[in-house]
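Taking it in order: structure first as structure tokens, then the write-up.
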2 protein chains.
Amino acid sequence: MGSEGIAYVTQPSRTARERIVAGAADMISRRGLNATSIRETAKHARAPLGSTYHYFPEGKQQLATEAVRYTGDLIARSLRKELEAGPVAGLRAFLGLWRKIVVDTDFRAGCPVLAVSIEEPPTDETPAALLAAAAVFEEWESLLAASLRDHGAEPEEAAQLATLIVAAVEGTVAMCRAKRSTQPLDRTAEQLQALILRLCR
Amino acid sequence: MGSEGIAYVTQPSRTARERIVAGAADMISRRGLNATSIRETAKHARAPLGSTYHYFPEGKQQLATEAVRYTGDLIARSLRKELEAGPVAGLRAFLGLWRKIVVDTDFRAGCPVLAVSIEEPPTDETPAALLAAAAVFEEWESLLAASLRDHGAEPEEAAQLATLIVAAVEGTVAMCRAKRSTQPLDRTAEQLQALILRLCR
DNA sequence: GCTAGACTATGACGGTCGTTATAGCCAGTG
DNA sequence: CACTGGCTATAACGACCGTCATAGTCTAGC
């Protein structure tokens, strides 16, 4: 312990609640939702177990939901800013964020939104964390699509390409973890960048 | 029970060992590796728990490894056949396989190879299941890349596009599960098909 | 100072996990 | 017929899980 968590750093200045959420996002991105226990989440955030149920009375589902939204907002904020310099710059920033997470954690962490997306819902109704994951994907896509439209792409084409970008990046991050190499990220980056350049005039 | 598992059907004609592997692949694709217990795997295959450790003496890791290879071979076999009709036909078959799994299971199942890829390795060395996942991705990519080269693509371009296709499909399946919709698959299919057509002359 | 409410500390509950051990069944071979 | 080896049945092991309850500590406002 102590040398591993770099991607979602838990600065001691933040409140205990924020540290728990950020730590949960990090752990979910590494091991998946089901393998992330509330006990370890609390320990990772140097918070007592009891506090977890104080801050998140609805239990694990609420914590997972907030962790998904936390990461979603983190990425969306950066993406929104970089997209001001155009879709290619936005893509580069998007890829760069994930590359940093994957490399900094020695291919151990990935995307918690993806991790939550591939867990089977229990029985009948859709859990809140899965709904949050869908909303995060939607937001990332719409940010990219808007930028593509602003740079001359047809709306339908822009929507398609935005979906492709998000899906490809998520899949590529997973492939990098399996192969313990950033080569998939390099290849995907090349192809997606060419695709944007071709579409925006 | 009885009306849910359609994607990786467990025909009673197969041996108990095969049923356990196929069932494990299905369960991993739904809930992830860590949330798939050997007990439930055995129950799902109508095999006693003791038999699991008889057939797979190395325990859960061995079962997971074989489940990954099982799915990898299943997809690779179909992909190889359809690619004889060209890369576009291959892409269509690839997408169709995943679409069927996602739709038939009401967005509950996905790709077990992806699920294994995003689980953090325990401590020091890479687990066998993760190595198997990397090999499966590699095989799918090389099948696609070879077909693209055979139809006029430059080797480097072919490799890049093959990686993009595998990554995009894996990511898209996850997005479909989160959104409970096949729209991402439709969009990705459109973009990838256009990409192949543009590259192969 | 004192009290209310936010937070911590601690322990327990029933349950499932991976794995192992042991004893039994039941084909097929000699 | 005995017997051997593949497979089953059953129970147990320590460990961890999500959740809840309860009692204690701390701090802000009166």
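Model, not experiment: these values are computed from the prediction. Lettering follows sequence order; numbering is per chain, from 1.
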- Quick one: do B:Arg17 and B:Glu66 make a salt bridge, cutoff under 4.0 Å? yes

- Using 4.0 Å as the upper bound for N to carboxylate O, is an ion pair formed by B:Glu82 and B:Arg92? no

- Query: For B:Glu190, does the CD atom have more than 12 heavy-atom neighbours from other residues, nucleotides or ligands under 6.0 Å away?
  - Reply: no

- Message: What is the distance, to the nearest angstrom, from the NZ atom on A:Lys43 to the P atom on D:dA15?
- Response: 14 Å

- Would you say A:Lys60's side chain and A:Thr36's backbone share a donor-acceptor pair under 3.5 angstrom? yes

- Query: Taking atom types as modelled, is there a side-chain donor on A:Gln160 or B:Gln191 under 3.5 Å from an acceptor on the other?
  - Reply: yes

- Write down the distance between CD1 (A:Ile38) and C1' (C:dG15), rounded to a whole number of angstrom. 16 Å

- Message: For the backbone of A:Ala128 and the side chain of A:Gln61, can you confirm whether one donor and one acceptor N or O come within less than 3.5 Å of each other?
- Response: yes

- Between C:dG18 (P) and B:Glu119 (CD): distance, integer Å: 12 Å

- May I ask you to verify if any side-chain N or O of A:Ser37 is less than 4.0 angstrom from the OP1 or OP2 atom of D:dC17? yes

- Note on the structure: Which of D:dG18, C:dC17, C:dC7 is nearest the side chain of A:His54? It is C:dC7

- Query: Taking only side-chain nitrogens and oxygens of A:Ser51, does any of them come within less than 4.0 Å of OP1 or OP2 of C:dC7?
  - Reply: no

- Item | A:Glu40 or A:Pro57, whichever maps to the more 5' nucleotide of DNA chain D | A:Glu40

Mind listing the N/O atom pairs, protein and nucleotides 10-14 of chain D, below 3.5 Å?
from	atom 1	to	atom 2	distance (Å)
D:dA12	N6	B:Arg39	NH2	3.2

